[in-house]
Each structure stands twice: as C-alpha cells, then as structure tokens.
Amino acid sequence: MFVFIGFSIRRAWLGFWHNGLMSVAATATMVLMLLLLSGLLILLTGLDATLKYVQQEVQVMAYIKDSAPGGDIASLQDSLAHMPQVTQVTYVSKDQAYKDFVARHPDEAEVMKSLPTNPLPASLQINLREPNDYLDVASYLNKQPAVDRVLNIKQTVDQMVTIIGVLRTAGTVILLVVGLIVLFIIVNTIRLAVVSRADEIEIMRLVGASDAFIRWPFIFEGGFVGFLGAAITIVLLWLAQGPITGFLSEYFKVLPVEAGTAVGQNIALIVLGTGVGIGVLGSYLSVRSYLHR
Amino acid sequence: MDTVSADTPEQIQLPIGPSGAPEMPAQVTPPPSTEPEASDKPAQSARAGAPRGATPPAAASAPRPAPAAPARSEDRIPARIVLALQGVTKSYPNGRVALRGVDLTVPDGDFVFLVGPSGAGKSTVIKLLIREEIPTKGSVLLDGRDLARIKRREVPKIRRKIGIVFQDFKLLPNLTVRQNVAFALEVIGTPHREIASAVDRSLRVVGLVNQADQLPSQLSGGEQQRTAIARALVHNPRLFIADEPTGNLDPLISWEIIQLLLRINEMGVTVLMATHNAEVVTAVRKRVVALEDGRIVRDQTAAAYEREA
C-alpha cells in the first residue's frame, strides 16, 4: 500500500512537471475559478449577514423630531402599544442611538465626537404581529406631529432578499459554467499526460502492472493540480484579507461584519475541497475514458 | 492493492561472476539443477560450431564440467507444461483468420523457435499468450490456467509470469539502464529494498553492470536489447517470449543475443522466440515450430529452418 501510494505520488509529481506548460495552464484556470468562487462566497456571506441584522424583529421604525415634547412621545408610545397589530414598542432616545452607533462603528467614534451636536434622532421601534399590517401602522404614524419619518424595514428586507437571490442564482450559474470549463481543461491536461506516456503505459501493461498502478498516478496528478490551484487561491485571499475586510465593512456598514477567521476558514475549506474535487474528478473521467479497454 | 509480487527473485542463480562482464561470456555453464543426461551433446556442439561473434577464445576452452550438456526436457517424461494451445483458432473482427486449429505444447524448460513468413500467425500466438487477444475457438493455457477464462483484473498477474522482448526494445529513453529494469518491478509494487538486488542480478545476467547508469541513447543496439532482456527477466518469469529480438541487429550482435537467450533457458526459463533468422535457427538446433497460413506445418526438435514453399 505504501509502495503503491509512494509510487503514485512520485509519478504524479514527475508527470506534472513533464507536462509543465499544460499543468500551469490548468492550475491557472483552476485558480481563476476558485477566486471567482470565493468572491461570490464572500459577497453572499456579507449580504446574508446584512439581511440577518436587518431582519431582526423590528419591522417599523419611526424617527422622532428633535423638537417633539417628551409628553407627546410618551402618549404616542402608549397609544401604539394599545393598537391590536402591535406587539411591542421600544423607545430609543437620542443618547441611546448615539451610544449604539458608536458601539457598532468604533472607527467613526472620532467623527461623531467632532460633531457639535448629536445628529441621530430618537426613534420608536415597533414590532408587528403580522408584517403585512405595516400600512395601518405606518399611516397612523405619519399623521403624528412628533414623527419625522417612517421607515419600512420590511420593504428593505424584501429588496435585499431579491438581490441576494439574483446574485446567488447568477453566481451559481457562472460558477457552474466556469467549473465545467475547468473540468474540461483538467480532462484534457490529463489526457495529454496519458498520451505523452503511452510508451510507459504499454510497458507497464506488458510487465503486468495492475490497472491501479497505471491509473492512479494520473488521478493524483489531477488532484495535485487542484490542490496547487487551491493553495495559490488561499494564499491570494490571505494576502487580500485586509482589502476584503475593508470592502465588507465599507459596503455593509450597517452590520457588524464578522468576516474574521471563521468565515476565512470556511472559505479555505470550500476552496480546497472544490479544487481537489474537480482535479480528481477531471482526471478520473479522462483516465477512465482513455485507459478503459 | 497488490503490492508484492508473488515470487521473490531468488530463482535465477547466476552462473556469472560478480564483475558482470560487458562482453557476452560465451561459455554456457550448466544450470544448477537440471538433468545430468548427456543426451544433448549434438545440440551443444552445434552451438559451439555456430558463428560466434563476441566469443572470447578463452571461453571456448574453459573447463567444462563433464555432465555439462543440458538435456532437452522431452527426454524426460513428466515435464510440467508451461504453455499449451489447444485447437486454437483466431479470427479478427475484420474477417482475417490468423490461426486455424493450432495445437502446441511447450514443457517447462523448453526452447522453442517459432518461425514462418510474415502473416503466418506468429504475432497472433504471442498476443494470445500475453492475453492481448483471446482465441475465437480453442483454449490457451499458461501455467495450467485458461487465459480466456481469467478475469480482466487478473491479466496483470498472468503477465508477471511472462517476460517479453520485442524487435524495437521498447525502452524508456529518459531512464537509465538500471531505471528501465527497475521500472518493471516498481510498477508491480515490489518493495524498494527488493528492487535493487533483483535489478543487479538481472543486469549481471545480461552483462550490463558497467552500463547500468547510461541512457538507452548511449548504448548500442545490442546493449539496448540486452537491457530489454534484463527488464523482461527481472521479475523471474516462467516464460520468456522474444518477438523478433534480433530483427534490428546485425548478425554478430544477433548471435550474442541468441547466446544470451540460450543461457537464460539454461537457467530454467522456458523460452519462445519468434524469428525470421534462418541462420540462427539452423545453427542452434532447438525445437522449431513452423507456422504457415495460420497452421503449424512443422514441429521438430533440433531442427533447421527450412523454408517450405
């Protein structure tokens, strides 16, 4: 068994360099595909996190005018709480909003401090029994003099769900196409490797090498292309970690992005699995169709 | 996975000194364990009188143990059958009939020339033996096993009982002599520690110890063929098949190769050699099986190569 594995790995290694240009091309396209894959994964992870944050129970948010007297706010809160559609009303004061914001965006604490006054409005966060009851509550709120603006969170959520869905579908389709191309390239690379070693294979057959000894080196070779592609991709992603995190917090500012190690590890595993998987699958298909007699 | 070849390479006991002379030593030492009968004297002397290229004169006069001449196995009754073709007919999908009802039995330790014009069916016989083809009718038995009945997975195991060389050597150009020979063991999963000694032994048999680290392109044709022979021997085959081994070589070198095959035969390996080379066949006086148009037209012991028709 060890003899077999050692033999296969050695032959795969030799084969990879024997067919250098083709192997490099295969590895490069593999890297391209895996970068595309991880880009999509990162984007979707960001959007999903945003969605989760936004999708919290709050469904309607009413910003309160700064000028509104405290008594009006209290009575508004009270009357809202008595509406049958409403399950809960939370008052968030200007100070509280400021603290929340600073906690969420520590980078911008300085900016906030430099402002002469607190720009954030106080708000009422209203949870509904049924999201569809939104219109009733919103029209009621709009009539209140204390209310500055009503935000429909549900609408935002729906838009995001649509965007994420489109992105996921389009991304998956693109990935599938690119994946097929990569598979095709691997199949061809390995086929070339097989053809270029037809003499060796003939001799192996003549001296009684079993099929495993003839085939597995090529499958290892394909796996090696996948592994190398994945390794290069992971190194590239690691190098680009800073910019990626920057991009995520830039675009998905609203949310506490945890594009930290957990997400990174997941992506690395997915990239490695996909790379090696496609490499092995491609070479298996190639070897099977060519060497099967 | 099959990692270890069944038989260890201990069977070939070399009658050669450790130096491994690059020149073919012409003296043929008797095999350690063969029959003591002196019945084959004629064949022996025939060989001695045959044109011998590289034979150092000293070797011819070297002391020869008295009961030296190896006996033909047909003198003995129970010799084991290495290969048998029984009523073998082979027709190819294109309609060509290559063999018609061929019966051939080769006992253990035999040396058989397979002769006949091109297209007579020699190659087909060899293809059947290595199970590249299976007979249309009849059966091919190798070491008692019907090759048509073995599973695909077992074909490699059958081939490990056979060593085969061809007219075009089939060496790997980017490997040295030693690596070429070792390759045959590596690809059947022989453990590393066993490979080196088996390769050395095989290289000594063919007298290529000094060329072991050269590439095939640095060798003469004869040396290349000897490398191929070393590779075919390294896993201790029961049957050694040579398909026109001298086809690409000049007469002198051809003769060296024949001498080598004879010695391999004397070490106990059954040899089947397909050839056109009438001179060699006539000089060696071994069993000759003549094929013509897919039929065996002659099967004679110690025969010459007569071209009928």
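Just so it is clear, the values below take in all heavy atoms, side chains as well, and ignore hydrogens, waters and symmetry mates. For clarity, every value in this text was computed on a predicted model and none was experimentally measured. Chain letters run A, B, ... following the sequence lines, proteins first and then strands; every chain starts at 1.
When all heavy atoms are compared, the tightest approach of B/F166 to A/L206 is CE1-CD1, 3.3 Å.
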Should A/M204 and B/I188 be marked as a side chain to side chain contact (heavy atoms under 4.5 Å, CB included) after you check the CA-CA gap, both sets of side-chain angles, and the distance that decides it? CA-CA 8 Å; A/M204 288 170 87; B/I188 59 174; over 6 Å; no
Before you tell me yes or no, could you show the steps for A/S210 and B/E154 under side chain to side chain contact (heavy atoms under 4.5 Å, CB included), namely the whole-Å CA-CA distance, both residues' side-chain angles and the distance that decides it to 0.1 Å? CA-CA 8 Å; A/S210 57; B/E154 287 184 86; over 6 Å; no
Chi angles and distances behind the side chain to side chain contact (heavy atoms under 4.5 Å, CB included) call for B/T190, A/V3: CA-CA 7 Å; B/T190 311; A/V3 174; over 6 Å; no
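Here the rule is salt bridge (Lys or Arg N to Asp or Glu O under 4.0 Å) with A/D211, and of B/K157, B/R153, B/R152, B/K151 only B/R152 fits it.
Taken to the nearest 0.5 Å, the CZ atom of A/F7 stands 9.5 Å off from the NE2 atom of B/H192. In this structure, CD on A/E202 lies 3.5 Å from NZ on B/K170, to the nearest 0.5 angstrom. A/E200 contributes atom CD, which lies 6.5 Å from atom CG of B/N174 (distance to the nearest 0.5 angstrom).
Other residues, nucleotides and ligands contribute over 12 non-hydrogen atoms within 6.0 Å of the CG atom of A/L176. The environment of CZ in A/F184 is sparse: at most 12 heavy-atom neighbours from other residues, nucleotides or ligands sit within 6.0 Å.
Here the side chains of A/V207 and B/F183 are not in contact, with every heavy-atom distance at 4.5 Å or above. Inter-residue side-chain proximity for B/R231 and A/I203 is flagged as met; some heavy-atom pair is nearer than 4.5 Å.
B/R159 places a side-chain N or O within 3.5 Å of a backbone atom of A/R205 that can act as its donor or acceptor partner.
Contact annotation for A/R10: only side-chain heavy atoms (C-beta onward) come within less than 4.5 Å of a heavy atom of chain B.
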